[in-house]
Protein chains: 2
Amino acid sequence: MDVFEAVAEPTRRHLISLLAERERTAGELVDSLPSLTQPAVSRHLRVLRETGLVEVRPDGQRRIYALKPDGLQRIDDWITPYRRFWRDHLDALQQHLEDE
Amino acid sequence: MDVFEAVAEPTRRHLISLLAERERTAGELVDSLPSLTQPAVSRHLRVLRETGLVEVRPDGQRRIYALKPDGLQRIDDWITPYRRFWRDHLDALQQHLEDE
DNA sequence: GGCGTATATAAGCGCAAGGTTATAAATCGA
DNA sequence: TCGATTTATAACCTTGCGCTTATATACGCC
């Protein structure tokens, strides 16, 4: 699975936003998603690990998950060339409003 | 389907890059993807339409597809708050290198 | 009107993703 | 050491996606 598919899943985006606040143990993340079972969350975390979006370090019997800085950058790199499209569009809109 | 799932598919990212160069007819897009059949491409275009990533206008019996400026922006909006992560990381790395 | 071209939809199929329950593996604490 | 806790994996099931072939729909042209 690649980064785009990893991020396409709403639950995984939720996990990413939780880890953006601060690093958390697997158990805390499970508790943050009461609609899912522990194995389901564990599988999502595995996907995030394997796509390089998060990293883990052991702390006794706990696993502490943290957001990896450069994971999402690959998506940003892809989107960068397209950014001019809506930027140009907004510029044109602004110009139009100023002309009135 | 939402924008993230739409963009998660490699073929659809390919179509987006083709439409970023210039607008094209459905037939041109089909010809650009020789590994796929016409209905397959048509379905991908439908997804891109329904997620607001492209727009179509008829030209006789042809359909001309064009990239919609604000479609990908929704992904960019999502990624924006996370951008500081790798920016800070790069800053820290640069600082570290300068310190040596 | 009738035929060829261009595009979209329908129906069916295989496969992978995400969910569950059950269980393994590792560590902590009494 | 042994039971409880924490996390990961296994096995299985269902659903949805993307592909195909076949067909519908719409338009251009003679």
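Letters A, B, ... mirror the listed sequences (proteins, then strands); counts begin at 1.
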Straight-line distance of B:L67 CG to A:F85 CZ, nearest 0.5 Å: 5.5 Å

How long is the line joining [atom1] of [X] and [atom2] of [N], in whole Å?
X	N	atom1	atom2	value
A:D59	C:dT27	CG	C1'	11 Å
A:R43	C:dT21	CZ	P	15 Å
A:M1	C:dC15	CE	C1'	13 Å
A:E9	D:dG16	CD	C1'	13 Å
A:E50	C:dA17	CD	P	11 Å
A:L33	C:dG18	CG	C1'	14 Å
A:D31	D:dT5	CG	P	14 Å
A:R24	D:dT7	CZ	P	14 Å

Which nucleotide in the set [options] lies at the smallest distance from any side-chain heavy atom of [X]?
X	options	value
B:E5	D:dA8, D:dT20, D:dC17	D:dC17
B:Q61	C:dT20, D:dT21, C:dG4	C:dG4
B:R62	D:dG18, C:dA6, C:dT9	C:dA6
A:R46	C:dG19, D:dT9, D:dT20	D:dT9
A:A26	D:dC19, D:dT21, D:dT7	D:dT7
A:P39	C:dT21, D:dT21, C:dA8	C:dT21

Look at the side chain of A:Q38 against the base of D:dA8 and say whether a donor-acceptor pair falls under 3.5 Å; ignore hydrogens and angles. yes

Of A:T25 and B:L36, whose nearest nucleotide on DNA chain D comes first from the 5' end?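 Whichever sits nearer the 5' end wins; that is A:T25.
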
By nearest nucleotide on DNA chain C, pick out whichever of B:L45 and A:V41 is the more 5' one.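 Going by which nucleotide is closer to the 5' end, it is B:L45.
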
Along DNA chain C (nearest heavy atom to each residue), the more 5'-positioned of B:R63 and A:H44: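 The answer here is B:R63.
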
Using a cut-off of strictly less than 4.0 Å, decide whether [X] has a side-chain nitrogen or oxygen near OP1 or OP2 of [N].
X	N	result
A:T37	C:dT20	yes
B:S42	C:dT7	no
B:Y65	C:dA8	yes

From the list A:D31, A:T11, A:V30, side-chain contact (heavy atoms from CB on, under 4.5 Å) with A:V41 holds only for A:V30

Identified side-chain contact (heavy atoms from CB on, under 4.5 Å) partner of B:Y65 from the options B:L29, B:L15, B:L48: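 Output: one option passes, namely B:L29.
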
Determine whether B:L18 and B:H14 make a side-chain contact, defined as any pair of heavy atoms from C-beta on separated by less than 4.5 Å. yes

A:W78 vs A:V3, side-chain contact (heavy atoms from CB on, under 4.5 Å): CA-CA, chis, key distance, verdict: CA-CA 11 Å; A:W78 171 78; A:V3 193; over 6 Å; no

Checking the side chain of B:T51 only, and the main-chain atoms of B:V47 only, is there a donor and an acceptor separated by less than 3.5 Å?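 Answer holds: yes.
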
